[in-house]
Asker: 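Below are the structure tokens for one structure; questions will follow.
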Amino acid sequence: MRFGAAVLRGYEDPFAVEEVILNAGPADGEILVRIAGCGLCRTDLAVRHSAGRSPLPAVLGHEGAGVVVETGSPDTGLGPGDHVVLSFDFCGRCRSCLGGAPAYCDRFAALNLFGGRSENAARFTDGAGEALAPRWFGQSSFAEYAIVPARNAVRVDATLPLELLGPLGCGFLTGAGAVLNSFGAGPGDTVAVFGAGAVGLAAVMAATAAGALVVAVDRHPER
Ligand SMILES: [Zn+2]
Ligand SMILES: [Zn+2]
């Protein structure tokens, strides 16, 4: 299938919308998602100055949310029409993954930042048939469609504004996860958050929800 995507071709280039080609539908355990909206994370912007550590040309974008179009096998737990938020890729087999902590996956950097799954190479090309880097953070969602492992997708309430939910899959789980999982903050704790951007505000919300006293510090008064 052919669709539009924002392709980054060089480390100092702008993102340019082009036609890209997906040569095969979802494989076992994967889903095809029509993207409704995608956040722009600092990590996407950092690649543009990464001096070659992330392979290009590539379709970035890793805070995608959308609607499931097709599933590659019946065991994905998802079906066409489901609204999903996408998150990072993980191996599912290392000690961290098996211990329920996929953010600490042994292969996190390789799978998400520095090349993705080699078996995905050649499935995704530009309009002229030239290879694009295998999917970024398991999704490459600066695009109209993305194929992702089903375990990277979380079904959400279909009454919520789907186009706004993508950042839950990166910036918001980072801020909230630090407070809830790493710190275990709760009533009686005081949490200071330095920097009240998307990640910091997620930490503020999570700490508030957990019953902690919160102080947010930022140089920008409007935050
Ligand atoms: Zn991110
Ligand atoms: Zn792992």
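Remember, it's 1-based here, ligands and their atoms both numbered in the order they're listed.
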Asker: Are there over 12 heavy-atom neighbours, none belonging to R42, within less than 6.0 Å of that residue's CZ?
Answerer: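 No, CZ of R42 has 12 or fewer neighbouring heavy atoms, counting only those of other groups under 6.0 Å.
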
Asker: Given the Zn ion (ligand 1) as the apex, I'd like the angle to SG of C170 and NE2 of H62, rounded to 10 degrees.
Answerer: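 Rounding to the nearest 10 degrees gives 120°.
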
Asker: Are F114 and V47 in one and the same hydrophobic cluster, where Ile, Leu, Val, Met, Phe, Trp and Tyr link if side-chain heavy atoms are under 4.5 Å apart?
Answerer: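 Result: yes, single cluster for both.
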
Asker: Closest approach of T43 and F137, non-hydrogen atoms and distance?
Answerer: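 Shortest heavy-atom separation between T43 and F137 comes out as CG2-CE1, 4.1 Å.
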
Asker: Is atom OH of Y104 surrounded by more than 12 heavy atoms (other residues, nucleotides or ligands) closer than 6.0 Å?
Answerer: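 At most 12 heavy atoms, drawn from other residues, nucleotides or ligands, come within 6.0 Å of this atom.
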
Asker: I want to check a possible cation-pi pair here: R135 against F124, using under 6.0 Å from ring centre and within 45° of the ring axis as the test.
Answerer: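 Output no; distance or angle outside limits.
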
Asker: Under a 4.0 Å N-O cut-off, is there an ion pair linking R9 with E18?
Answerer: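 Salt bridge between R9 and E18, a charged N being under 4.0 Å from a carboxylate O: yes.
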
Asker: Which N, O or S atoms belonging to the protein are less than 2.8 Å from the Zn ion (ligand 2)?
Answerer: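 Those protein N, O or S atoms (cut-off: under 2.8 Å from the Zn ion (ligand 2)) are C91 SG, C94 SG, C97 SG, C105 SG.
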
